[in-house]
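This report refers to the structure that appears directly beneath it.
Quantities reported herein were computed from a predicted structural model and do not represent experimental measurements. In what follows, chains carry the letters A, B, and so on, assigned in the order in which the sequence lines appear, proteins first and then strands, with residues in each chain numbered from 1.
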Amino acid sequence: MIELLFPNGIAHYVLGGLFVGLGVLFIYFFTSRIPGASTFLESTLSYVSKKKRFQKYTSSRDWRITFTIGIILGAFIHTIIARPDFFTTEVSTLRLFIGGILVGIGTRIGKGCTSGHGVCGVGSLSKTSFIAVITFLIAAIITAQTVQFFGVMP
Amino acid sequence: MNLDRAKFHFVVLIGGLIFGAGLSISNMSEPEVVLSFLQFKDFGLIFVMFGAAMVTGIGFQLLPKTIHESVLTKEELGRRVKSFDKKVVIGGTIFGIGWGLSGICPGAAYASLGTGNLPIISAIAGMFVGAYLQTYIRPLVDGGK
């Protein structure tokens, strides 16, 4: 049963999850900031657009870039040390791009993403974040199953 | 940049490194792994989200009661809870459709780039386009607020 639900084991999932949580907590411990990953999109747009919606993030936009660089480097260092090779996805570029647009729209209108709602919000026992997580999980499951139904792989 | 600001960026960078390593360790940086979770082929991703939320949950409960203020910036450690309205459900649904279509969310996309996954740049580019477009969709959702 366990092998059916978790064909790749669970150890690396648990360990990865602990690291993600510790990364957030580390920043909170030192700075009281609770970082989500999707605010970076809008805060970085404030450098190139005068829109009020983006300009409200000017005070945090510099460290949000630092956070994102950290995420990229952290994954890079782990890849160099522990993965046999660099990774390249089989998912088509067009699918990634269209999915990305919807992710950009949805996370910003919905006030957060998998890290902001899923990790930080649920960790804060926020009812809003619980509802957000259930909403985006259901929408994602239906979409991914539909894509699979029509034979698009992976 | 003064020294305090440099220290601030340094701890954010270290936190980001740990966060990004976690996404690579768990393979959540791979769209294939996210899709196999959403398609019920491997439920392991539950452990990433709930494992991470458990760690932050314990920290968000204990730290405000024990050290009261952040170590570097000496600011009050509180909770940041977002208000609920229909945008949470509408935005969450749009995000979910995008996540289910591509298998990628923002944090995982940045980490994916670090694992050498260059095609993910198109997803990140899409996210910036979406984050820009939402300013035009937002008034339709909440009447300009």
Geometric class of the A:F136/A:H117 ring pair [parallel <30°, tilted 30-60°, perpendicular >60°] =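 Correct class here is tilted.
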Please work out whether the ring planes of A:F30 and A:F26 are parallel, tilted or perpendicular, with thresholds of 30° and 60°.
->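 The arrangement is tilted - the two ring planes meet at 30° to 60°.
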Answer yes or no: does atom CZ of A:F19 have more than 12 heavy-atom neighbours from other residues, nucleotides or ligands under 6.0 Å?
->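 No.
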Is the CZ atom of A:F54 crowded by more than 12 outside heavy atoms at less than 6.0 Å?
->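 Yes.
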Which bit of [X] is near chain A, if near means a heavy-atom gap under 4.5 Å: side chain, backbone, both or neither?
X	answer
B:K74	neither
B:I121	neither
B:F37	side chain
B:M28	side chain
B:L63	side chain
B:E76	backbone
B:T93	both
B:V34	neither

Side chain, backbone, both or neither: which part of [X] has a heavy atom under 4.5 Å from chain B?
X	result
A:A132	both
A:R64	neither
A:R83	side chain
A:T93	both
A:V14	both
A:L94	neither
A:R95	both
A:I77	side chain

Full working for side-chain hydrogen bond (donor to acceptor under 3.5 Å, both in side chains) between A:T66 and B:H9 | CA-CA 6 Å; A:T66 304; B:H9 278 267; 2.5 Å; yes
Give the minimum heavy-atom separation between [X] and [Y], together with the two atoms involved.
X	Y	answer
B:S102	B:G98	OG-O, 2.7 Å
B:T56	A:V119	OG1-O, 3.0 Å
A:A144	B:L35	CB-CD2, 4.3 Å
B:S24	B:T115	OG-CG2, 3.7 Å
A:Y13	B:V48	O-CG2, 3.6 Å
B:G51	A:L18	O-CD2, 4.3 Å

Establish whether B:I67 and B:L72 are linked, either directly or via other cluster members, by ILVMFWY side-chain heavy-atom contacts under 4.5 Å.
->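 Yes: a chain of side-chain contacts under 4.5 Å links B:I67 to B:L72.
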Between [options], who has the most heavy-atom pairs with chain A when the cutoff is under 4.5 Å?
options	value
B:G22, B:G57, B:S70	B:S70
B:S83, B:P119, B:S36	B:S83
B:S29, B:G78, B:A109, B:G103	B:G78
B:I104, B:I124, B:N27, B:L23	B:N27
B:V81, B:T135, B:L133	B:T135
B:I94, B:N117, B:D85, B:V55	B:N117

So, do B:F19 and A:F67 have ring centers that fall under 6.0 Å from each other?
->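 B:F19 vs A:F67: aromatic centres under 6.0 Å.
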Partner chain B: residue of [options] with the largest heavy-atom pair count (under 4.5 Å):
options	result
A:T79, A:T135, A:I27, A:V103	A:V103
A:V133, A:I138, A:L125, A:T146	A:L125
A:A37, A:G9, A:S92	A:A37
A:I65, A:I34, A:I80	A:I34
A:S124, A:G121, A:S129	A:S124
A:T114, A:V147, A:V91, A:T89	A:T89

Looking at [Y], I'd like to know if the NZ or CZ of [X] sits under 6.0 Å from its six-membered ring centre while staying within 45 degrees of the ring's axis.
X	Y	value
A:R61	A:Y47	yes
A:K51	A:Y57	no
A:K111	B:F84	no

